[in-house]
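Here's the structure, in structure tokens; my notes come after.
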Amino acid sequence: MDDAVRAAMAKWPDVPAVFGWLSLDARGLWRIADTLVEHTGLARFIGRNYLADTEGRWYFQNGPQQVFVSLAYTPWVYRLDTNGELTTHTGERLAEPTAAWLDEEGSLLISDSANQIGLLHDADLALMIERLRNIGGEAIDPESLLDADRWPTDAGLALASGWIPLAPIRRSEVAARFGFTPEPTASDDHCRP
């Protein structure tokens with residue numbers, strides 16, 4: 001969190017939170033009232049001050065005010081580089097991916113050692129398919145992942161950090177399993193973490 005934001009929080013502790021104004025789309029882009037945030041500096045400022053409260057509601061700490069974020073899917077969106085490294089939509093490297101899931105719509109999700117979940121950017125799916133491997137390092141046919149009842153027992157992904165298991169998941173289960181709120185609402189007049 002930026003020092004200026006901390007100072008503003010201390011100076012004005014009782015600023016009401018905002019809901020339904022800021023969103024994160026499935027490609028990791030911020031939107032204000034459905035308008036894409038195109039200013040790089042503003043997008044980075046939001047990313048540096050992007051946090052979650054104890055209820056799993058993600059927000060942007062905008063000075064003294066919490067601006068809660070509506071999520072298109074997950075709190076994080078990941079990009080994959082050609083070396084198999086993942087970065088978040090805020091530009092941070094994902095150091096410890098631990099597992100991956102494929103939902104019924106073909107979206108690929110990856111969790112880390114802190115049990116945070118992120119959606120792989122759809123532009124990187126083709127590159128990730130090349131990394132489908134069993135635990136022994138042999139390539140897996142992507143067609144074998146289309147039927148959850150016939151899922152390969154040792155499906156996984158070979159990333160720069162190592163092999164991680166891949167399993168099927170239902171989209172409707174993701175938020176509860178990973179403890180986040182896709183569409184935050186107010187639980188009281190003044191929300192603070």
Side-chain angles (χ1 to χ4, degrees), residues 1-12 15-53 55-95 97 100-103 105-112 114 116-131 159-160 171 174-175 178-186 190-193:
M1 184 182 303
D2 290 0
D3 289 338
V5 170
R6 283 189 190 90
M9 289 170 63
K11 187 172 181 178
W12 297 290
V15 176
V18 173
F19 294 86
W21 182 71
L22 181 64
S23 62
L24 178 67
D25 72 17
R27 293 187 140 210
L29 301 173
W30 302 110
R31 294 180 176 275
I32 297 173
D34 291 329
T35 301
L36 182 64
V37 173
E38 296 185 67
H39 190 277
T40 304
L42 177 56
R44 287 183 182 153
F45 179 64
I46 294 170
R48 285 193 312 271
N49 297 285
Y50 180 56
L51 307 159
D53 68 8
E55 295 178 40
R57 300 177 306 172
W58 286 83
Y59 63 93
F60 156 50
Q61 188 68 51
N62 184 24
Q65 187 169 55
Q66 290 178 316
V67 180
F68 283 86
V69 179
S70 298
L71 305 170
Y73 196 165
T74 63
W76 299 100
V77 177
Y78 301 137
R79 295 302 311 252
L80 178 71
D81 69 17
T82 55
N83 297 321
E85 301 248 357
L86 292 162
T87 55
T88 69
H89 67 278
T90 61
E92 302 297 317
R93 190 170 79 78
L94 185 65
W101 290 268
L102 188 66
D103 75 11
E105 297 174 8
S107 296
L108 185 66
L109 304 142
I110 299 169
S111 67
D112 66 8
Q116 295 293 318
I117 190 78
L119 173 69
L120 183 71
H121 193 290
D122 61 359
D124 296 335
L125 282 171
L127 187 58
M128 190 62 89
I129 286 172
E130 296 173 13
R131 296 182 165 281
L159 300 174
R171 183 180 177 124
V174 174
F178 291 96
F180 68 90
T181 305
E183 193 63 47
T185 58
H190 301 285
C191 304
R192 290 286 175 176

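Because the structure is predicted, anything quoted here is derived from the model rather than measured.
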Review point. Can you list the steps and then say if Tyr73 with Asp103 is a side chain to side chain donor-acceptor pair (under 3.5 Å)?
Key: CA-CA 12 Å; Tyr73 196 165; Asp103 75 11; 2.7 Å; yes
Review point. Is a donor on one side and an acceptor on the other found under 3.5 Å between the side chain of Glu38 and the backbone of Thr40?
Key: no
Practice item. Step by step, work out the side-chain contact (heavy atoms from CB on, under 4.5 Å) result for Thr87 and Asp81. Key: CA-CA 8 Å; Thr87 55; Asp81 69 17; 6.0 Å; no
Check your understanding: So which heavy atom on His89 is nearest to which on Pro75, and how close?
Key -> CE1-O, 3.3 Å
Exercise for review: Could you go through the side-chain contact (heavy atoms from CB on, under 4.5 Å) check for Asp112 and Ile110 one step at a time?
Suggested key: CA-CA 7 Å; Asp112 66 8; Ile110 299 169; over 6 Å; no
**Study point:** Set of residues satisfying side-chain hydrogen bond (donor to acceptor under 3.5 Å, both in side chains) with respect to Glu92, sequence neighbours excluded
**Key:** none
Practice item. Step through the shown structure and confirm whether more than 12 heavy atoms of other residues, nucleotides or ligands are within 6.0 Å of CZ on Arg44. Key: no
Exercise for review: Indicate yes or no for a side-chain donor-acceptor contact from Asn62 to the backbone of Val67 under 3.5 Å, with no hydrogens or angles considered.
Suggested key: no
Practice item. Using the ring-ring contact (aromatic ring centres under 6.0 Å, His included) rule, pick out the option among Tyr59, Phe45, Trp30, Phe68 that qualifies with Tyr50. Key: Trp30
Point to revise | Side-chain donor/acceptor of Asp53 to backbone N/O of Glu55, under 3.5 Å | key: yes
Practice item. Over all heavy atoms of both residues, which pair between Pro97 and Leu94 is shortest? Give the atoms and the distance, please. Key: CD-O, 3.7 Å
**Study point:** Atom pair NE2/CG of His121 and Leu29 - distance to nearest 0.5 Å
**Key:** 6.5 Å
Exercise for review: Please test Leu22 against Ile46 for side-chain contact (heavy atoms from CB on, under 4.5 Å), starting from the C-alpha separation and ending with a verdict.
Suggested key: CA-CA 10 Å; Leu22 181 64; Ile46 294 170; 4.3 Å; yes
Check your understanding: Strictly under 6.0 Å, is that where the ring centroids of Phe178 and Trp76 end up?
Key -> no
Check your understanding: Could you state the interatomic distance from CZ (Arg93) to OG1 (Thr88), rounded to the nearest 0.5 Å?
Key -> 11.5 Å
**Study point:** Which atom of Ala72 lies closest to which atom of Ala26, heavy atoms considered
**Key:** CB-N, 3.5 Å
Review point. Roughly how far, to the nearest 0.5 Å, is the CD1 atom of Ile117 from the OH atom of Tyr78?
Key: 6.5 Å
Point to revise | Separation of Leu108 CG from Asp124 CG (nearest 0.5 Å) | key: 10.0 Å
Practice item. Working to the nearest 0.5 Å, report the span between CD of Gln116 and OG1 of Thr74. Key: 10.0 Å
Practice item. Look only at the side chain of Arg27 and the backbone of Asp122, and say whether a donor-acceptor pair between them is shorter than 3.5 Å. Key: no
Review point. Can you check side-chain contact (heavy atoms from CB on, under 4.5 Å) on Leu127 and Arg79, steps first, answer last?
Key: CA-CA 10 Å; Leu127 187 58; Arg79 295 302 311 252; over 6 Å; no
Practice item. Starting at CG of Leu42, measure out to CD1 of Ile32 and round the result to the nearest 0.5 Å. Key: 5.0 Å
Point to revise | Donor-acceptor contact present, side-chain Gln65 to main-chain Pro16, <3.5 Å | key: yes
Revision key, fill the gap. Scanning both residues in full, the closest heavy-atom pair of Pro184 with Ser70 reads CD-CA, 4.1 Å
Check your understanding: Between Leu159 and Gly84, which heavy-atom pair has the shortest distance, and what is it?
Key -> CB-O, 3.6 Å
